[in-house]
Protein chains: 2
Amino acid sequence: MDRSVLRSIPLFAAMSDAQLDRMTAQGSARRIAQGESVFEQGDPAKAFYLLLHGRLKVTQVTRDGQQIIVRVVHPGDLFGFTRALGRPDYPGTATAAVDSLVASWPTESWDGFVENNPQLAMSAIRTIGQRLDEAHTRIREMSTEEVERRVAHAVLRLIEQAGKRVEAGMRVDFPISRRDIAEMTGTTLHTVSRILSAWETRGLVEGGRQKLVVCDAAALSRLAENAG
Amino acid sequence: MDRSVLRSIPLFAAMSDAQLDRMTAQGSARRIAQGESVFEQGDPAKAFYLLLHGRLKVTQVTRDGQQIIVRVVHPGDLFGFTRALGRPDYPGTATAAVDSLVASWPTESWDGFVENNPQLAMSAIRTIGQRLDEAHTRIREMSTEEVERRVAHAVLRLIEQAGKRVEAGMRVDFPISRRDIAEMTGTTLHTVSRILSAWETRGLVEGGRQKLVVCDAAALSRLAENAG
DNA sequence: CGTATTCTTGACTTATATCAATGTCGGTGG
DNA sequence: CCACCGACATTGATATAAGTCAAGAATACG
């Protein structure tokens, strides 16, 4: 891991070479195979992470065994910096959706980094703030929208954050199941399956096993916005 | 406004007298009458605030006019520091549920405060982090729990954060309508009314116009946890 | 007092979950 | 290489939680 890797990430863009070198010195990189987890819900938070390459799903299981997807981690995102938020353990499990590469630092390093670099602090605040915004958006959608619109919003977001051009349109660039989408929108895989089938008939998307291609994003947006 | 007021708030506890004085010098206090708003959704974020006394509800309205309650602001909470999160406008409206007193600072002051006081930055990160946690909890509840349990959780939270001992039990210490609870839990006032009526029959709560007293918190907790 | 909120309650409707069965894909091992 | 197994997906039938519609009662307020 060298400083140019970090430099390319907005969170670290404003840091000096010396500061970046100090960070890279304390951190280390690690490869996570598809299906493996970086940490598990309830584990003591010994480190915080940055996704360098790949894609992760952060999930939570409720006491009665139901699972939800809290968020998808994209390259360049910080994750698992739970301790900085005042929690001693990880609130969820981070699983690699594809082979991934993560950088990690011991939690103890956090305070030092922040103290020596107010820019980093402000960036971090903005980052968490965005996440809070996203969470509120999700709450608003779950409170006021029906399932179909929620799914439409979720799919559009996936395309924005992880869309890849293919012949038929834009494809979600990591394996994503109907169940995953259900766990992101607070519904069941059955309902998601029905919705996607209907969309496929209308030519809006193309489905498949762990696969999703959006063919007509504009129509999907309309659907997401105007209740109809 | 003097420094002892701020000193009593965890967020500022670690600051030096000099720093606190600098903050109080740049800020000002303002009284908000019940029903008035501190700022409205979409207003440019010219200031950030701290609730000194009273109680606020932060609401959002969707394009089609549906309203949700994003959160309740309690004394000692920072709110409206949207700009620090990288947004130019307020994402919601903050309305006084009772006569309230707020301190405010121009948004431009934020960066200076943070740069000169890493402690404040770390406190702020923790604060937003907690809020993110709360948001995720709400998402999890809305995804996996039925309405009655969600309402139970919401009511218990209100009691924790704004409970006041009265003869019959613990009362929510500000006017709160059935509609408010509905907007906090993603349901309708009708359903909330039915649920509270049922609870009242079982002796768990005592209702009333804009009033809510929890008589048997233990039973309510049980209800909130074990699906039954 | 009358008018406006807030709340309650009943009857009905509907979106979505649940239950159940079947199909399809893709990798593993015989 | 083919057969089989497990994970994922589809689709129909049915059940039900909670929303909608509607009417009225209670409480606060000017």
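Each chain gets a letter, A, B and so on, in the order the sequences are listed, and its residues count up from 1. Just so it is clear, the values below take in all heavy atoms, side chains as well, and ignore hydrogens, waters and symmetry mates.
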Review point. Between the base of C/dG10 and the side chain of B/Arg194, is there any donor-acceptor pair under 3.5 Å?
Key: yes
Exercise for review: Answer with base, sugar-phosphate or nothing: what part of the nucleic acid does B/Gly208 contact at a heavy-atom distance below 4.0 Å?
Suggested key: sugar-phosphate
Exercise for review: Applying ring-ring contact (aromatic ring centres under 6.0 Å, His included), name anything that partners A/Tyr49, two or more places apart in sequence or on another chain.
Suggested key: A/Phe39, A/Phe79
Check your understanding: Given D/dG19, is OP1 or OP2 found less than 4.0 Å from the side-chain N or O atoms of B/Thr191?
Key -> yes
Check your understanding: Rounded to whole angstrom units, what separation is found between the CE atom of A/Met142 and the P atom of C/dA17?
Key -> 12 Å
Check your understanding: With a 3.5 Å cut-off and just heavy-atom distances, do the side chain of B/Arg179 and the base of C/dT6 make a donor-acceptor pair?
Key -> no
Review point. Would you say C/dT8 has OP1 or OP2 under 4.0 Å from some side-chain N or O of B/Ser193?
Key: yes
Review point. Does the pair B/Lys57 and B/Arg71 meet the rule for a side chain to side chain contact (heavy atoms under 4.5 Å, CB included), with working shown?
Key: CA-CA 6 Å; B/Lys57 294 169 190 167; B/Arg71 72 178 186 117; over 6 Å; no
Review point. Which whole-number value in Å describes the distance from A/Arg178 CZ to C/dG23 P?
Key: 19 Å
Review point. Using the ring of each side chain (for Trp, its six-membered ring), is A/Trp110 parallel, tilted or perpendicular to A/Phe81, with breaks at 30° and 60°?
Key: tilted
Point to revise | d(NZ, B/Lys211; P, D/dT27) in whole Å | key: 10 Å
Review point. C/dC7 P sits how many Å from B/Asp180 CG, rounded?
Key: 8 Å
Study note, to complete from the structure: Considering only heavy side-chain atoms of A/Val147, the closest of D/dT10, C/dT16, D/dC8 is C/dT16
Exercise for review: Would you indicate which nucleotide in C/dA17, C/dT24, C/dT6 comes nearest to any side-chain atom of A/Arg209?
Suggested key: C/dT24
Point to revise | Side chain of A/His190 (C-beta onward), nearest among D/dT10, C/dT16, C/dC25 | key: D/dT10
Review point. Which listed nucleotide (D/dT20, C/dT8, C/dT5) is nearest to the side chain of B/Thr188?
Key: D/dT20
Check your understanding: When you check the phosphate oxygens OP1 and OP2 of D/dC8, does a side-chain N or O of A/Ser177 lie under 4.0 Å from one of them?
Key -> no
Review point. Within this structure, what is the CG-to-P distance between A/Leu189 and C/dT16, rounded to whole angstrom?
Key: 16 Å
**Study point:** Side-chain-base donor-acceptor pair under 3.5 Å for A/Arg149 and C/dT16
**Key:** no
Exercise for review: Take the protein atom CD1 of A/Ile195 and the nucleotide atom C1' of C/dA15, then report the distance between them rounded to whole Å.
Suggested key: 10 Å
Practice item. Please determine if a side-chain N or O atom of B/Ser197 lies less than 4.0 Å away from the OP1 or OP2 oxygen of C/dT9. Key: yes
Point to revise | Step-by-step side chain to side chain contact (heavy atoms under 4.5 Å, CB included) determination, A/Arg165 to A/Met170 | key: CA-CA 5 Å; A/Arg165 263 235 92 69; A/Met170 295 289 278; 3.8 Å; yes
**Study point:** Shortest non-hydrogen contact between B/Gln60 and B/Gln41, atoms and distance
**Key:** CA-OE1, 3.5 Å
Practice item. In whole angstrom, give the distance that lies between atom CD of A/Glu146 and atom P of D/dT20. Key: 9 Å
Review point. Please give, in whole Å, the distance from D/dA9 C1' to A/Trp199 CH2?
Key: 16 Å
